[in-house]
Amino acid sequence: MTTEHLPEHPEFLWRNPDPKKSYDAVIVGGGGHGLATAYFLAKNHGMTNIAILEKGWLAGGNMARNTTIIRSNYLWDESAAIYEHALKLWEILPEELDYDFLFSQRGVMNLAHTLGDVRESVRRVGANQLNGVDAEWLDPKQVKELCPILNISDNIRYPVMGATYQPRAGIAKHDHVAWAFARKCDELGVDIIQNCEVTGFLKDGNKVTGVQTTRGTINTEKVGLCAAGHSSVLAEMAGFRLPIQSHPLQALVSELHEPVHPTVVMSNHVHVYVSQAHKGELVMGAGVDSYNGYGQRGSFHVIEEQMAAAVELFPIFARAHVLRTWGGIVDTTMDASPIVGLTPVENMYVNCGWGTGGFKGTPAAGLTFAHTIATGAPHELNKPFSMERFETGALIDEHGAAAVAH
Amino acid sequence: MLLFTCPNCGPRNETEFHYGGQAHVPYPEHPDQLTDREWAEYLFYRENTKGIFAERWVHSTGCRQWFNMLRDTVSYDVKAVYRMGEQPPALAEPVSNQPTSISAPEGAKS
Amino acid sequence: MSLLEKPYFLMPKGSAEMANSVNNTGVAALRRSPAEHLWTDFTVGSVAGERGVTLREVPFQTMVGIRVDPVSEAGVRLADVTGGLPVRCGEVTTGPAGVSVLWLGPDDFLAIAPGDAQDRLPGLLVAALGDGAGQVVDLSSNRTTFELSGPSARAVLEKSCAADLHPRSFAVGTAITTEVGKVPTPLWKTGEETFMLFPRASLADHLGRWLLDGLKEFASDRNPSWL
């Protein structure tokens, strides 16, 4: 876990082409999901005359701001299926993309602090095991064995009463993941176009035919929206509504430390999740700020509470320093599950609403969204995640159910 | 930390308030006559404005009253605060959310 | 003759007694206040002198929650009993027999009086509300009272209360509802260096210990070297 093990990488991993006049498909958003979608469109569906449009720089939005946790221990069958598929892809992607993005399966613990937590957690372990997801229930002693720096004494405000544990879960180096996808996309012929903001859509009747951008008009057969945070803004341009609210989500890192934290610890109850990055920073995330916000920043008290919780759980952190804090903008839905599927506009598809769980879902989002765009119909895995579920009532309510404190 | 001016209590820290989402969403007049789509719109669809957004807040640890606010969702600047049942003020007019101090009322016990 | 000895407006016969028709003298002797177990700690932890600050519990005050539109007829009748109802945030009215009323919201008030008023005040207020729209509830057991006083009292509060407690914003005689150490509480400045807090009974232990912790630094007889 020192810098000397980080791989060298060449100076340029992809071209910076000018946009062509037309493409078979245009992906809006050059983050992890957009890159993964383009990769699977090219690899699985032979669509290589495609472009990714990114308004800023590649992977500079939530892909640069998340806390890189990867796990699949969700409660409901539909969620477990798509996140577990993502995890299986994470396991093979370093080889497939020929890029070691340091996927470290160091396990993820979700702590239980109350009897309610314990019951929910044990139930979730059972559901996970039935769905083929590796999950265990740990008592406090086992928690301590796996993560010796955790305070498991019973005289703290939120004592550790146990934890769920997924050994195959872990973290990856988020920027390397983006670069790995970008290099492969580029090799396959995908145009990655940065500093290219979408300002409108061209339509023929109800059918999308092109994209207006700050770098000119681009004609296209199909459009896929992968712009977490700004999905509602794009949908409004295209003339439809999404059941999405954008919220700030904050995280922070400490200065570099010797390796002290061997796994990933999450606490839904006190809204903190902690890991130690490969270089040695302690990485911590919080819950979302309550209000709608596009500002990529949140309120200080959220961080303050998160730090208080972290220091109580990990007394050893008391003398660490906050080096940097930041915020991203997450798309949230009312059931805390994503929307991946068709839109009311013909040939336009949307991938959004991953809330605080977008990073871990990246490969499966890309795979299923590419399938949806290429065939015009959802993949088995994203069929339940259509927008129609808000009308039919077939919600996939992971609020609380999945220890959603990604 | 945001500073909000409660219409009843004056300026207080954000932590004293709870968020209530989009303002001015009326309960459907005839809920039984709505289509599934219309009911879904009422339950799950809210504006997600980038810019000035009319929203509800409750001063939960203060006067426990709900009120409306116009807030910029990019800069987080509060543009106006107004009471429940009122329409949002036109923003060309001066914004009436200047901090007011709490001073001792006449005859108060000292 | 004080208000509590003789109601000065017409009431249905016996209504003032209805609220408390049982003789509570025996029960009162058995009562334990919510922070009674901390009294010794409060005494030991309090600090005398220039940087002094004293914490004590004032147990068993009479408290009555009033919900009423203050300009309605019922509101006027209730104001007659209490000696007025505050009209805005911060205001506290004082009436006969030590009754004070704190403003909690535009139609939400907390009447506070000495402990011995509990036998009469709630009944008087219930009667004054009559069949008017509103609510009068004896909340004497809901909250307890902490008094924090001394030259450092404000400094102790400011550690964990986000409200502006500077005298230019928070003058003597005003009361606001806020949070102290995350505990929601009315905060009443009754003197230049005296504050009253009214935590709910279940949070009294936490807030008591929290404030005690806040007193500690002032027990040192000199300022820290960095000051």
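In what follows, every chain begins at residue 1, and chains take the letters A, B, ... in the order their sequences are listed. Just so you know, these numbers come straight off a predicted model, no measurement behind them.
With a 4.5 Å cut-off on non-hydrogen atoms, B:F44 touches chain A through its backbone and its side chain both. For a residue to count as touching a neighbouring chain, one of its non-hydrogen atoms must lie under 4.5 Å from one of that chain's; by this rule A:L395 touches chain B with the side chain only. Neither the backbone nor the side chain of B:T35 comes within less than 4.5 Å of any heavy atom in chain A. When heavy atoms are compared at a cutoff of 4.5 Å, A:I329 does not approach chain B at all.
Close approach to chain A, defined as a heavy atom under 4.5 Å from one of its heavy atoms, is seen in B:R71, B:T73, B:V74, B:S75, B:Y76 of residues 68-76 of chain B, taken by number.
For the atom pair OG of A:S299 and CD of B:E14, the computed distance is 3.0 Å after rounding to the nearest 0.5 Å. To the nearest 0.5 Å, the span separating OG on A:S232 from OH on B:Y45 amounts to 10.5 Å.
Considering only heavy-atom pairs separated by less than 4.5 Å from chain A, the leading option among B:H18, B:E55, B:R46 is B:R46. Among the candidates A:L242, A:T392, A:T333, the residue making the largest number of heavy-atom pairs closer than 4.5 Å to chain B is A:L242. Among A:Q245, A:Q296, A:E304, the residue with the largest count of heavy-atom pairs under 4.5 Å with chain B is A:Q245. In terms of heavy-atom pairs under 4.5 Å with chain A, the best-connected choice from B:R37, B:K50, B:Q22, B:E38 is B:K50.
For CZ of B:R64, the number of neighbouring non-hydrogen atoms (other residues, nucleotides, ligands) closer than 6.0 Å is 12 at most. By the 6.0 Å contact criterion, CD on A:E312 is enclosed, its count of non-hydrogen atoms from other residues, nucleotides or ligands being greater than 12.
Scored by the side chain to side chain donor-acceptor pair (under 3.5 Å) test, B:E47 finds A:R241 as partners (sequence neighbours excluded).
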Practice problem: In sequence, state the C-alpha distance, the side-chain angles, and the governing distance for B:L43 and A:F390, and then conclude on side-chain contact (heavy atoms from CB on, under 4.5 Å). | Solution: CA-CA 9 Å; B:L43 278 187; A:F390 296 99; over 6 Å; no

Practice problem: Begin with the C-alpha distance, continue with both residues' side-chain angles, and end with the deciding distance and a verdict on side chain to side chain donor-acceptor pair (under 3.5 Å) for B:N48 and A:Y294. | Solution: CA-CA 10 Å; B:N48 190 18; A:Y294 285 89; 3.2 Å; yes

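Using a 4.5 Å cut-off on side-chain heavy atoms (C-beta onward), B:Y19 and A:N292 make contact.
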